[in-house]
Amino acid sequence: MSIESVKEFIACHAPDIEVIETEGITATVEQAAIVHNVEPNQIAKTLSLKVKNTVVLVVCAGEARLDNLKVKQALGGKARMLRADEVVELTGHPIGGVCPFGLPTDLPVYCDISLKLYQEVVPAAGSVNSALRISPQRMVELTQATWIDVCQ
C-alpha cells in the first residue's frame with residue numbers, strides 16, 4: 001500500500017513528523033485546504049511529469065500553474081503529465097495521494113520556489129485521505145530535491 005511506504009519512509013527519516021489520515025477525501029487542493037484548515041497554496045501538490053525520457057516529480061504550491069517556457073528552460077524539454085496508470089506504476093501512489101516520499105524507485109524531485117512563501121506546507125502522504133505537515137526546506141532535504149522556478 002502506498003500510504004504504508006510513506007509511513008515507513010517518515011518513520012525512518014523523520015520520526016517526529018506525523019502522517020495524518022482523515023475521514024474525508026483530500027484528493028484535490030480545495031478539499032485538502034478545507035480539511036487541513038490551510039490556504040490552498042499551502043497544499044504542496046506533486047506533479048508527475050515526463051520530460052524527454054525522464055520522469056520527474058515537481059512539488060509546487062496548490063494553486064500554482066506550470067509555466068511551459070520555464071519548465072523547458074529548467075528541465076531541458078517540454079513536459080507532459082503522466083497518465084494515471086503511469087503515475088501509480090512509477091510512484092506507487094494514486095492520483096490525489098502522490099507525494100515525493102516512499103517512492104518505489106528514485107525519481108528526480110524538484111520543489112518549486114512557490115513553496116518558499118510558507119513556513120509549513122501540507123503534501124499528500126500516499127493516499128487520497130492522508131497528508132503530513134512539513135517545512136518546505138525540510139521536504140527538500142528529506143527528498144534530496146532541487147529548488148526550481150517553473151510556475152507562473
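In this structure, Lys50 and Leu90 have side chains that are not in contact, with every pair of non-hydrogen atoms separated by 4.5 Å or more. Between Val55 and Glu86, the closest side-chain pair of non-hydrogen atoms is not below 4.5 Å. No side-chain heavy atom of Leu82 sits less than 4.5 Å from a side-chain heavy atom of Thr91.
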Original post:
Checking side-chain contact (heavy atoms from CB on, under 4.5 Å) for the pair His93/Thr46: CA distance, chi angles, key distance, verdict?
Top reply: CA-CA 11 Å; His93 306 316; Thr46 302; over 6 Å; no
Subject >> Check against side-chain contact (heavy atoms from CB on, under 4.5 Å), Met81 and Leu49 >> reply: CA-CA 5 Å; Met81 299 287 280; Leu49 308 172; 3.2 Å; yes
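Counting non-hydrogen atoms of neighbouring residues, nucleotides and ligands closer than 6.0 angstrom, the CG atom of Asp16 exceeds 12 such neighbours. Residue Asn37 places its CG atom among 12 or fewer non-hydrogen atoms of other residues, nucleotides or ligands, all under 6.0 Å distant. The neighbour count for Gln152 CD, taken as heavy atoms of other residues, nucleotides or ligands under 6.0 Å away, is above 12.
To the nearest 0.5 Å, atoms OG (Ser2) and NZ (Lys7) are separated by 11.0 Å. Between the CE atom in Met139 and the CD atom in Gln144 there is a gap of 14.5 Å [rounded to 0.5 Å]. The distance from the OG1 atom of Thr28 to the CD atom of Gln31 is 3.5 Å, given to the nearest 0.5 Å.
Ile148 and Leu117 fall into different hydrophobic clusters, defined by Ile, Leu, Val, Met, Phe, Trp and Tyr side-chain heavy atoms under 4.5 Å apart, directly or through other members. Under the 4.5 Å side-chain contact rule for hydrophobic residues, Ile43 and Val35 do not share a cluster. Tracing side-chain contacts under 4.5 Å through hydrophobic residues (I, L, V, M, F, W, Y), one never reaches Val38 starting from Ile20; they form parts of separate clusters.
Here the shortest heavy-atom pairing between Asn41 and Tyr118 reads CB-OH, 3.2 Å. Heavy-atom minimum distance, Lys45 versus Val29: CD-CG2, 4.3 Å.
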Pairs under 3.5 angstrom only: tabulate donor-acceptor contacts from the side chains of residues 56-75 to other protein residues two or more places apart or in another chain.
from: Asp67; atom 1: OD1; to: Leu69; atom 2: N; distance (Å): 3.0
from: Asp67; atom 1: OD1; to: Lys70; atom 2: N; distance (Å): 3.1
from: Lys70; atom 1: NZ; to: Asp149; atom 2: OD1; distance (Å): 3.1
from: Lys70; atom 1: NZ; to: Cys151; atom 2: O; distance (Å): 2.9

Return all side-chain donor-acceptor pairs below 3.5 angstrom for residues 120-128, not counting sequence neighbours, or 'none' if the list is empty.
from: Glu120; atom 1: OE1; to: Arg133; atom 2: NH1; distance (Å): 2.9
from: Ser127; atom 1: OG; to: Asn129; atom 2: N; distance (Å): 3.4
from: Ser127; atom 1: OG; to: Asn129; atom 2: OD1; distance (Å): 3.0
from: Ser127; atom 1: OG; to: Ser130; atom 2: N; distance (Å): 3.4
from: Ser127; atom 1: OG; to: Ser130; atom 2: OG; distance (Å): 2.8

Taking distance alone, no hydrogens or angles, what donor-acceptor pairs closer than 3.5 Å link side-chain atoms of residues 95-111 to residues at least two apart or in another chain?
none

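Between the Lys52 side chain and the Gly76 main chain, a donor and an acceptor come within less than 3.5 Å of each other.
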